[in-house]
Amino acid sequence: MEGPAIDGSWGGWSHFGTCSRTCGGGIKTAIRECNRPEPKNGGKYCVGRRMKFKSCNTEPCMKQKRDFREEQCAHFDGKHFNINGLLPSVRWVPKYSGILMKDRCKLFCRVAGNTAYYQLRDRVIDGTPCGQDTNDICVQGLCRQAGCDHILNSKARKDKCGICGGDNSSCKTVAGTFNTVHYGYNTVVRIPAGATSIDVRQHSFSGKSEDDNYLALSNSKGEFLLNGDFVVSMSKREVRVGSAVIEYSGSDNVVERLNCTDRIEEELLLQVLSVGKLYNPDVRYSFNIPIEDKPQQFYWNSHGPWQACSKPCQGERRRKLVCTRESDQLTVSDQRCDRLPQPGPVTEACGTDCDLRWHVASKSECSAQCGLGYRTLDIHCAKYSRMDGKTEKVDDSFCSSQPRPSNQEKCSGECSTGGWRYSAWTECSRSCDGGTQRRRAICVNTRNDVLDDSKCTHQEKVVVQSCNEFSCPHWKTGDWSECLVTCGKGHKHRQVWCQFGEDRLSDRMCDPEAKPEPMQTCQQPECAAWQAGPWGQCSVTCGQGYQLRAVKCIMGTYMSVVDDNDCNAATRPTDTQDCELASCHPSILALEPRRNAQSIPRTQWRFGSWTPCSATCGKGTRMRYVSCRDEDGSVADESACATLPKPVAKEECSVTPCGQWKALDWSSCSVTCGQGKATRQVVCVNYSDHVIDRSECDPDYIPETDQDCSMSPCPQWTGLAHPFQNEDFRPRSDSPSRTHVLGGNQWRTGPWGACSSTCAGGSQRRVVVCQDENGYTANDCVERIKPDEQRACESGPCPQWAYGSWGECTKLCGGGMRTRLVVCQRANGDRFPDLSCEVLDKPTDREQCNTHACPQDAAWSTGPWSSCSVSCGRGHKHRNVYCLAKDGSHLESDNCKHLPKPHGHRRCRGGRCPRWKAGAWSQCSVSCGQGVQQRHVGCQIGTHKAARESECSSYSRPESERVCQASPCPLYTWRAEQWQQCTKTCGEGSRYRQVVCVAEDQSEVHSTHCDSDQRPPDRESCSLQPCEYVWITGEWSECSVTCGKGYRQRLVSCSEIYTGKENYEYSYQTTVNCPGAQPPSVHPCYLRDCPVSATWRVGNWGSCSVSCGIGVMHRSVQCLTNEDQPSHLCPTDTKPEERKACRNVYNCELPQNCKEVKKLNSASVDGEYFLAVRGKPLKVFCAGMNSDYPKEYVTLAHGDSENFSEVYGHRLHNPTECPYNGSRRDDCHCRKDYTAAGFSSFQKIRLDLTSMQIITTDLEFARTSEGHPVPFATAGDCYSAAKCPQGRFSINLYGTGLSLTESARWTSQGNYAVSDIKKSPDGTRVVGKCGGYCGKCTPSSGTGLEVRVS
C-alpha cells in the first residue's frame, strides 16, 4: 500500500559553472534539483526556476575578423552532411537576415558564396548576440535582454558617440548638404576615423528612384567600397569596414541612404556619382566625431559656390573662396582664414549662348506726314539669344564697348497716307474684376479728310482696352470656434466679413447671396447623467437612523459608469436620507419624545465624495466634506448633530507602493559541511534605483532573505575505527590535546560525538589515538594517562504529548469537524519535533462533530453591492449577507453555517488616479562648475492622458530643477600677441594685435572661457608724423581728332608723400587732402580745319500712286554734309531724280477680295484663288462663294499637326506645387475635371483683308477633338497656381505667304495667370504655354492677330 503523497522541495543551488565565452559577455549557469525531498506517491513537483544565470567575461574581445556566431559556423567548415551539391571544401558563414524572431537563437549558417542555408544546431552557445542590430544575447536557446556592457538584464545603451553608457558629451555632430553637379565622381565630405552615427541621404530630383545621382564610398587609399568604377548596386547591401557595418539602401529608392551606428576605425570618403542628364544632387549628411583637444585647422577652399557672371553674355564667372575646417570639411566664417594665403581663383566662361548688341526697340512716327522728315529710334542694349532668337533688354552699360547707333533717322511720309482719329473711351464695362473700354476710330489725313481704313493700316488701330482689373470686394471667413458645449449637440461660430484689398468694408458692399454661414451645428460625445439606486436598509434597527443609496455618473445607451467629474456636481442626487423605525424605549416613556419631536428639528450628517489620495504612491490621506444638515437640506450648526455619530472627514489611504524590492546576491553558505543557511540583503529602492525607507515598499511581496544550503556531508566518527589511516593527513594543532607526551609520542583526541539519547540520560564517544611527533601511529603511549573515550551526557527529561481543549465545530449540523492542539513538549513548556515523542501514542488532533441532519429551510441571501469606496485606484465594495428562512424571515447566522457563505466584501477599482510623471533630466547647463538640470513634470492619468496640475497633490510634486556639478572648470587666461604695424604711414592710424583665450597648457580655447572684463585691448591708435599731400599729373595724351575741335587727357591724382622715398607714388586719396585747386585733366585741342564735303542723299522710293495701271512714285533727295547738316555745296547737275513713273500691271489683273473674284470671274465654287493683297499676290481660299458675302481663308501648309489650341483639363490636388519641374505627366496627382478644357486643330484660318488680321474666333475649318472649342492662338489651364503652365498652342504660317508682325502680342488673363511664348525671328512660327489657377492667354488685340504679306 502506497504511503501518503509527498510534495517535492528544491535542493540547494550548485556553484556557477564555467563561462561560456572568454570575452564579449558569456554566461555562467547554476542548477538546483527537486530532491529535498523528491516528490513521491503523486506529490507535486517543485515550482520555480531550476536554472539561474549570470554574466561573465564581459570585457570586449580583441579586434578580430570573425564574431562569435561566425566562429560557431566555421566549426562546421569542411562538413557537407551529405547534402547534394555541397563540396567537401564547403565553408559556412552566419545567416542573419530572413530569420524569424523566435528562431534567432538557433544556429543558421549559409554556404559561403551561395544563398542556401541550413540549421546546423538547435541553439547557439550561451552569450551569442541575438543579431547584428541588438545587444540582447541568447541563453538556453532564448533571446534575453542585455545591455551594451554585455550584462544580462542591463539597460546600458551606447550614446550617440558610441560610448556604452555615455552621456553624449565626448563627441560633436557634423552635418551638411551637397548639391553641386559635375559629371563623374564628386567629393561630398571626408568622414574621419572614429566617426559614429553616420546618416547620409540622397533625395531624388524627380521624385522617382532614377535620377542619375548615386552615393559612393571609398577608403583613404582610393579603393572603392561601394558603387565604384561606374557600377551601381540597385539592391540593399551591407558594407563592412573593419568591425563596423554600413547599411546601404540600394540605388532603387526615392531616398538613397547610407547609415551606420558603429564606430568606424578608418577614414572614409563620401562621394556622389553624377551621370546622364546631370540633375543637381540633393545629399544631406550627418555624423558624430570625437571632440579633440588639438586646435582646429582651417584653409581657403577654392571650390566654393559659383558667383554671378560678370556680364549677361560672353562673360566670366569665378568660384567664391570659402574658409573650410579641415577636420570635417565644414564651411566656417572667413575670419578663421584671415591670415592665410589665398589660392588663385577658379574661373570659367559663362553666358556663351548669347550676344550683347544695340537693339532698335521701336521707331516713332515720321516727323513729316508728307515728304522728307525724321523719326526717333528707341535704342537699348539687348541680350540676343542664339538658341531661340529672343531678345531681352539689359542695362546700357553692358554694351558700352560697342558704338551706340544714332537715335535719329530720316524718313519720308507718304503725302496721301493718313492716321487714326479716335473718339473718347466709353465707360468700363465692369466696376471691378476686369472690364473693357471701347472707342471708335476713323482714318483721316492731315487736312482731316476722311480716308479709307486701308490708308491707315501702317498704324496700330487700338479701339479696345482693359480696365478696372482690381479684384471686387469678397467675403472672407475666420477660423471656426470650438463647440460651445462639451457634450451633446451645440453650435460653433466663425467671423465673416467683407474684404477689399487690405481693408474691411461694410457687408452691404459684398453679395449677400454668397455670404458664408457664420454658424453651424456640432455634435460632441453624449452627456453624462446621474443615476440613483434604491435606498439601502436603515442604519439602525430601532429609533432614528439613516440609509444610503448608490449614486453613479453614467453615459451612453449602455449606461457605462464614468468618473463623477463628468456629471454636473450641482445636480447630484443625495445619497443619504433619514429613516425612523420603532422606538427603542418602552412605550411608557415614548410619549415624551413624541411630544418633543414636534419642537426639535430633525438633523443628519451629510458627506461628499472622497478626494483623491494625497500621495501618488505609498500611504497618504484623503478627505471629504462633512456637514450637519436640517430637514430642508440647509447647513446647520454641528451641535445640532452632536447626538448622531459623525462620519470621518479624513482617513488614511494607500495607493501603489512607492518603491520596489531589490534583492542582492546570496551570501556563501553559513557552514562548510552539512546543512546551513545562505542569506541576502533585500532593500527597497525607488525608480532611480536609490535606496529608500522599507515602509515605501509592499511588505506582502518582500523576497526571501534566507534559504537553506547544502554542503558536502560532515565526517562522523563511530566506534573505534581509526580516523587517521591516511599517512598524508596532518591534524590541526588546536583540536586534539598535546599534553600527553612520552618520548615524543602522545595521545591525540577527536571531538565528542552526538549524545546517544536526546533525553533521560545517554553517552557520547570520541576517538583517542597514540601518535609520534610526526603524526604517525605509535604503540607506546602511557596507558594510565590515556584520555577518556566515553562520557555520560544528560539532556534533561524526555518530552511528553500534551493537548488542549476541543475547538468549536465547523458546522452546526450535517457533520462538521473540530480540532485541538497536540504538541510534543517538556514539562517546562519547551517544544520538540513530533519525532521526539512516541509517534504511535500521539493523541488525535481532529474529530467529527454535530453529525445530526441540518434543517432544509434556511439559506444565505445577499443584498446589492455598494458603490466602490474610492473614485480612483483600488477600493472595496460591500453587501449585506444574512440567513433567511423559506418564509423570508431573518434567522441567526448559525442556522446557515453549514452552507458556504457568500462574500460580503470584494475589491473594486475606480478610474486611474492622477499622478505626477517626471521626464528624464536634461544635460547640465554648464560643461564645468555648478549648473542646473531641468526636467518636465506633468500631471497625468494613466500612460498618455494629461490632467490639470491641480488634480495632482502639490505636496508630492517631484522637483523639476536641481543643481548639478560638472567637472571643475580649468583656469583660463588672456594671451596678447605682438602689435602689428600702424594702418597709416602718416597722421592718425590704428594698429592691431591678436588676443586669444588660452588654457593652463597654453592651448587656444573659445573666448567664452575667459573673463571678458579682463580682456586686453586688441586695437589702439597710433600717431605718426603729419601727412603731406601733393597733386601729381601725368603726360598729356594725343588730340582726340585729326582735324577740327578735339581734346587731350592726362592722369591727375592726390598722392601722399612717403617718408624715406626719393620719388612720389600714385595712391588713391581723397582730393580734399591736397592743397590748392585740382589741375585740369582735360584740355581742348585744335590741329587744323577739316575739309567740308557734301553729297546728295536719297531716300527709298515710296509706293506707287495707283494700285493698278500707270502712276507716280516719289523719294526724298537732300544735299547733306558729313555731319548730316543741310548744304548748298552739291553740284546740281548730279542731283538724282525725285519722282518717276510706275506701273502695277499685274495687280490690275488680280481681284482684291473674294467678292471681286465672284464678280469678275463669275466664280461660284469654293476654292483657292490668287488675290492682290497689299500689292502682292497671295493664294487665298474663298469660302461661301454661293452667297453674297464670301469669306477669305488661308490654307495652312503644315496642317493641323502644327496649328492647334488647347485648354488643358487636368487640375492638381495641391495647386501650390509645380511637380516634375513643370513637365506634363499623365500620372500626376491630379484630377481631370476642368469644365472649360478643350483641344482644337486648324486646317485653314480666316483673314480680314482690310485690317490684315487673323480672326482667331472663326472655327469654320477647325476640328475640336476633345472638350470645348478653343480659338486660334489661345491656350490655358486650371492646373497650378505656382507658375506651371500646361495649356499649349502652336502656329506655323510657313508656306502661306504670311507672317506675324512685330506688334503681335499676347495677354495673360485670370488668376495666377502666366505664359511662356516663343516667336521665330521671321514671324512664321509661334509656340506657347499658358495657364494659371485658372488662367489663359489670348492675342492682345482681342479676336485678331495682325499679319503681313511676306
Note: E1302-R1348 ion pair, threshold 4.0 Å (strictly below): yes
Lys/Arg-Asp/Glu bridge criterion (N-O < 4.0 Å) met for E977, R339: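 R339 and E977: not salt-bridged.
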Kindly indicate whether the side chain of [X], heavy atoms from C-beta on, has any atom under 4.5 Å from the side chain of [Y].
X	Y	answer
L217	L270	yes
Q980	R991	no
E266	V241	yes
E1202	Y1294	no
K363	C411	no
E392	H359	no
F287	V189	yes
P343	L321	yes

In Å and rounded to the nearest 0.5 Å, what is the [atom1] to [atom2] distance from [X] to [Y]?
X	Y	atom1	atom2	value
E1217	Y1279	CD	OH	9.0 Å
I1317	F1289	CD1	CZ	4.5 Å
S406	W358	OG	CH2	12.5 Å
Y992	Q981	OH	CD	14.5 Å
S220	L269	OG	CG	9.5 Å
R190	L268	CZ	CG	10.5 Å

Do [X] and [Y] have side-chain N/O donor and acceptor atoms under 3.5 Å apart?
X	Y	value
S218	Q271	yes
D1322	T1324	yes
E1346	S1303	yes

Let me know which of K383, K311, R386 forms a salt bridge (charged side-chain N to carboxylate O under 4.0 Å, His left out) with D355. R386
Backbone N or O of [Y] within a donor-acceptor pair of the [X] side chain at under 3.5 Å?
X	Y	answer
D396	C381	yes
D229	V231	no
T1307	S1340	no
R284	D199	no
N280	N179	yes
E256	L215	yes
N186	G184	yes
R1325	L1293	no
T1274	T1338	no
N301	H303	yes

Using side chain to side chain donor-acceptor pair (under 3.5 Å) as the criterion, point out the one residue from Y214, Y248, Y185 that pairs with N227. Y248
For the residue pair H1083 and W1036, categorise the inter-ring angle as parallel (less than 30°), tilted (30 to 60°) or perpendicular (more than 60°). tilted
Does L377 form a side chain to side chain contact (heavy atoms under 4.5 Å, CB included) with E409? I'd like the steps, not just the answer. CA-CA 7 Å; L377 309 182; E409 71 175 11; 3.8 Å; yes
What one should report as the nearest heavy-atom pair of Q202 and D282 is OE1-N, 3.0 Å
So L273 and F230, side chain to side chain contact (heavy atoms under 4.5 Å, CB included) or not? Walk me through it. CA-CA 8 Å; L273 171 61; F230 291 83; 3.5 Å; yes
Surrounding [atom1] of [X] (heavy atoms of other residues, nucleotides or ligands, distance under 6.0 Å), is the total greater than 12?
X	atom1	result
Y1312	OH	no
Y279	OH	no
R317	CZ	yes
H1229	NE2	no

Side chain to side chain contact (heavy atoms under 4.5 Å, CB included) between L1345 and W1306: does it pass, once the steps are laid out? CA-CA 9 Å; L1345 196 59; W1306 276 259; 4.1 Å; yes
Only residue of I191, L226, I198 satisfying side chain to side chain contact (heavy atoms under 4.5 Å, CB included) with L258 is L226
Could you check R257 against R201 for side chain to side chain contact (heavy atoms under 4.5 Å, CB included), going step by step and ending with a plain yes or no? CA-CA 5 Å; R257 188 176 180 191; R201 307 182 188 205; 3.3 Å; yes
